[in-house]
Student: 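One structure, pasted below without further comment.
Chain letters run A, B, ... following the sequence lines, proteins first and then strands; every chain starts at 1. If you're wondering where the values come from, they're calculated on a predicted model, not measured in any experiment.
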There are 2 protein chains.
Amino acid sequence: MATLNDIAAKLGISKSTVSKGLSNASDVSEDLRKKIVEVAAEMGYSGRRTQKRLCVLVENMGYTDPNQFGYDLIAGFTQLASAEGWVVDVVPFVKEDQENVSYSGFMARHGYQGAFLLGFSLVDPWMQGEFHTAQIPTVLYDNRIPQNSYMASVGCDSAGGMEAAVRHLYGLGHRRIGLLFSELDSYIIKDRYDAFFCAMERCGLEVDPELIGVGYFMAETTHKYLPKLIERGATAILCSDDTRALAVYTECTDRSLRVPEDVSIIGFDDQPISAYMNPALTTIRQDRTALGKCGYYALSCLLSGVCIDSILLRAPLVVRGSTGPAAAPGGKSGKEAPNGS
Amino acid sequence: MATLNDIAAKLGISKSTVSKGLSNASDVSEDLRKKIVEVAAEMGYSGRRTQKRLCVLVENMGYTDPNQFGYDLIAGFTQLASAEGWVVDVVPFVKEDQENVSYSGFMARHGYQGAFLLGFSLVDPWMQGEFHTAQIPTVLYDNRIPQNSYMASVGCDSAGGMEAAVRHLYGLGHRRIGLLFSELDSYIIKDRYDAFFCAMERCGLEVDPELIGVGYFMAETTHKYLPKLIERGATAILCSDDTRALAVYTECTDRSLRVPEDVSIIGFDDQPISAYMNPALTTIRQDRTALGKCGYYALSCLLSGVCIDSILLRAPLVVRGSTGPAAAPGGKSGKEAPNGS
């Protein structure tokens with residue numbers, strides 16, 4: 001492992017300047033500091049080795065409150081990491097942060113030996129660039145970097161979850177199943193979207209493109225697509241996530257559609273709120289505490305040179321009150337239903 | 001958890017008879033013993049709780065010698081399990097054993113709380129039957145039971161490994177790539193076979209069905225297909241496993257084909273022998289010790305109620321001497337090469 005002296009020798013500067021550069025001292029120019037950090041990262045210098053330090057970088061996800069999605073993920077991760085003597089910093093992150101600093105520079109400067117990444121999207125600069133080559137043990141939740149063996153993936157088995165959901169609806173007599181999804185700009189939303197098509201095929205159901213609504217803004221998209229789906233004869237709707245299911249509830253209330261008598265709704269995630277919605281939401285569960293623990297396990301494997309590719313948890317269907325028998329052909333939602341494709 | 005008294009009450013027999021039945025005593029009839037074992041399994045009685053016991057069941061795989069495939073798998077598993085106080089029994093198994101006893105009966109009788117299963121095939125009775133419903137924490141190496149959340153899977157990322165192999169050959173100028181595979185009667189061989197097609201597609205190469213040879217007996221299949229593949233212009237051959245690659249070496253020697261000058265060969269597994277073949281074999285590596293450790297991790301998760309679906313390790317390509325530049329069109333193997341599909 002490279003020492004401060006090695007970095008100093010390589011750059012032809014003093015050891016104390018290297019040390020100042022790495023600790024962000026104000027009497028080192030920004031240019032030189034950047035150079036020091038880059039060289040330190042290149043040479044594999046990983047900072048304050050006396051303290052074992054990991055970080056959780058969080059984007060696009062709440063985590064400070066137990067009702068937010070990231071809370072249990074981080075709790076599970078930190079619980080195992082702390083027990084093995086790691087200090088874990090949780091760092092909120094935005095896209096723009098990645099434009100001003102390299103990943104390896106960031107990690108080296110703070111002395112982090114590995115990272116657990118939550119909520120990164122496919123358009124993030126590091127996702128598109130440095131993650132493909134960085135030699136830093138990194139575990140991505142719900143993301144995947146296929147060609148870099150320093151990057152492992154943890155998540156849930158979308159395919160199994162979606163199949164359970166579609167089979168459940170099928171068993172209740174639903175044949176016209178619609179989809180209300182957020183935009184396909186993340187690895188996991190694409191994964192769930194593909195899983196829906198596989199599940200429909202495995203159940204022998206045809207997908208009607210007219211029963212699919214995709215958009216970024218939840219209320220707007222739901223407002224636009226829900227009436228269309230119902231008109232086209234959808235008796236059940238699968239949502240990309242529980243929050244979107246909540247938007248569908250609101251829209252149903254506005255239109256005097258009853259859940260589940262007129263339309264069955266299924267979410268994804270089993271967020272804490274799901275059990276308290278009215279009716280309680282049938283949803284595909286992600287065990288977030290377990291996912292956090294698996295994140296730590298995968299990272300500890302990478303840190304000891306075991307190249308984990310992925311750990312997937314089962315995503316069981318939690319059946320609650322938002323799904324019921326399909327409305328009869330003469331029912332409210334089926335009255336004007338066309339035959340579809 | 002059920003006690004001996006519970007089982008006795010259910011069957012209307014004495015506790016001591018139950019105890020005798022579970023310990024295979026000779027003064028209990030075979031019929032009654034079977035009944036006791038079944039009821040004990042149904043009621044969730046898991047035997048000698050004072051000792052923490054797991055088993056590794058091994059089929060179709062050598063494991064007693066460090067040169068055999070199963071050795072490191074079991075070593076990795078046992079190392080972690082022992083450290084956490086488990087007694088691990090390694091039990092050789094055959095298909096016929098599964099016809100005489102139920103899986104839950106077998107586990108209950110021996111007081112095993114969980115199992116790591118190596119080498120089971122798709123035609124095994126338990127694979128086709130009880131594994132789909134058994135509520136016993138079980139980890140399958142290179143197998144998958146999709147619908148039972150008590151069953152987790154560990155293995156390697158065949159897709160990544162195959163893609164690395166095909167890209168490597170592509171970089172060496174190979175375009176006509178053949179396949180010599182064992183029969184597609186196991187989950188993992190199917191998985192590798194599918195991975196080959198994906199990898200070829202991702203590299204923009206067409207698969208010529210005439211360049212694929214599949215069969216159970218290695219020497220016979222190789223003898224039959226190798227000349228055909230070479231005649232049809234294959235300059236490289238991917239094998240389902242290292243042992244098959246060894247059979248290909250033998251056949252090449254018989255036919256005065258040089259490896260890699262006339263044909264490049266790639267194996268799968270990185271068995272200990274691969275490095276000592278002449279030339280040393282380029283192969284897709286499975287880190288067996290790490291796989292064994294992941295097997296234990298997955299089982300410990302299942303035992304504590306965390307429903308692991310799968311853990312995959314990376315399968316890196318280990319480049320050695322058996323792959324080289326594709327023979328020029330005028331070369332020995334390319335002389336009569338047709339244009340193919």
Side-chain angles (χ1 to χ4, degrees), chain A residues 72 76 79-80 137 139 144-164 167-168 191 195 198-199 202 270 284-318, chain B residues 72 76 79-80 137 139 144-164 167-168 191 195 198-199 202 270 284-318:
Chain A
D72 288 340
Q79 186 190 330
L80 293 195
V139 174
R144 195 172 143 70
I145 305 286
Q147 305 296 342
N148 185 349
S149 62
Y150 287 84
M151 302 264 160
S153 172
V154 302
C156 279
D157 174 31
S158 302
M162 272 291 180
E163 190 171 332
R167 283 197 192 284
H168 169 65
D191 192 51
C198 288
R202 290 176 72 97
D270 197 21
I284 299 161
R285 179 166 165 75
Q286 296 206 65
D287 182 338
R288 292 181 296 281
T289 307
L291 281 166
K293 289 181 179 178
C294 287
Y296 175 72
Y297 179 73
L299 190 53
S300 68
C301 284
L302 295 178
L303 285 161
S304 60
V306 170
C307 298
I308 293 274
D309 175 271
S310 59
I311 301 183
L312 285 187
L313 288 185
R314 303 264 175 187
L317 183 72
V318 181
Chain B
D72 288 340
Q79 187 189 329
L80 294 195
V139 175
R144 196 173 142 70
I145 305 287
Q147 304 296 343
N148 185 347
S149 61
Y150 288 83
M151 302 264 160
S153 171
V154 301
C156 279
D157 173 31
S158 301
M162 272 291 180
E163 189 171 333
R167 284 197 191 283
H168 169 65
D191 191 52
C198 288
R202 291 177 71 97
D270 197 22
I284 298 161
R285 179 167 165 73
Q286 295 207 65
D287 183 338
R288 292 181 296 282
T289 307
L291 281 165
K293 290 181 178 177
C294 287
Y296 174 73
Y297 178 73
L299 189 52
S300 68
C301 283
L302 294 178
L303 285 161
S304 60
V306 171
C307 298
I308 293 273
D309 175 272
S310 60
I311 301 183
L312 285 186
L313 288 185
R314 302 263 176 187
L317 183 71
V318 181

Student: Between Gly305(B), Gly160(B), Ala298(B), Pro146(B), which residue shows the highest count of heavy-atom pairs closer than 4.5 Å to chain A?
Tutor: Pro146(B)
Student: Does any heavy atom of chain B fall under 4.5 Å from the side chain of Gln147(A), the backbone, both, or neither of them?
Tutor: both
Student: Without swapping roles, check the side chain of Arg314(B) against the backbone of Asn148(A) for a donor-acceptor pair under 3.5 Å.
Tutor: yes
Student: Going from SG on Cys307(B) to CZ on Arg285(A), what distance comes out if it is rounded to the nearest 0.5 angstrom?
Tutor: 9.5 Å
Student: At a 4.5 Å cut-off on heavy atoms, which part of Cys156(A) comes close to chain B: side chain, backbone, both, or neither?
Tutor: neither
Student: Heavy atoms only, distances under 4.5 angstrom: which of Ile311(B), Val154(B), Leu312(B) has the most pairs with chain A? Name it, please.
Tutor: Leu312(B)
Student: Quick check: closest heavy atoms across Asp157(A) and Asp309(B), and the distance to 0.1 Å?
Tutor: OD2-OD2, 3.4 Å
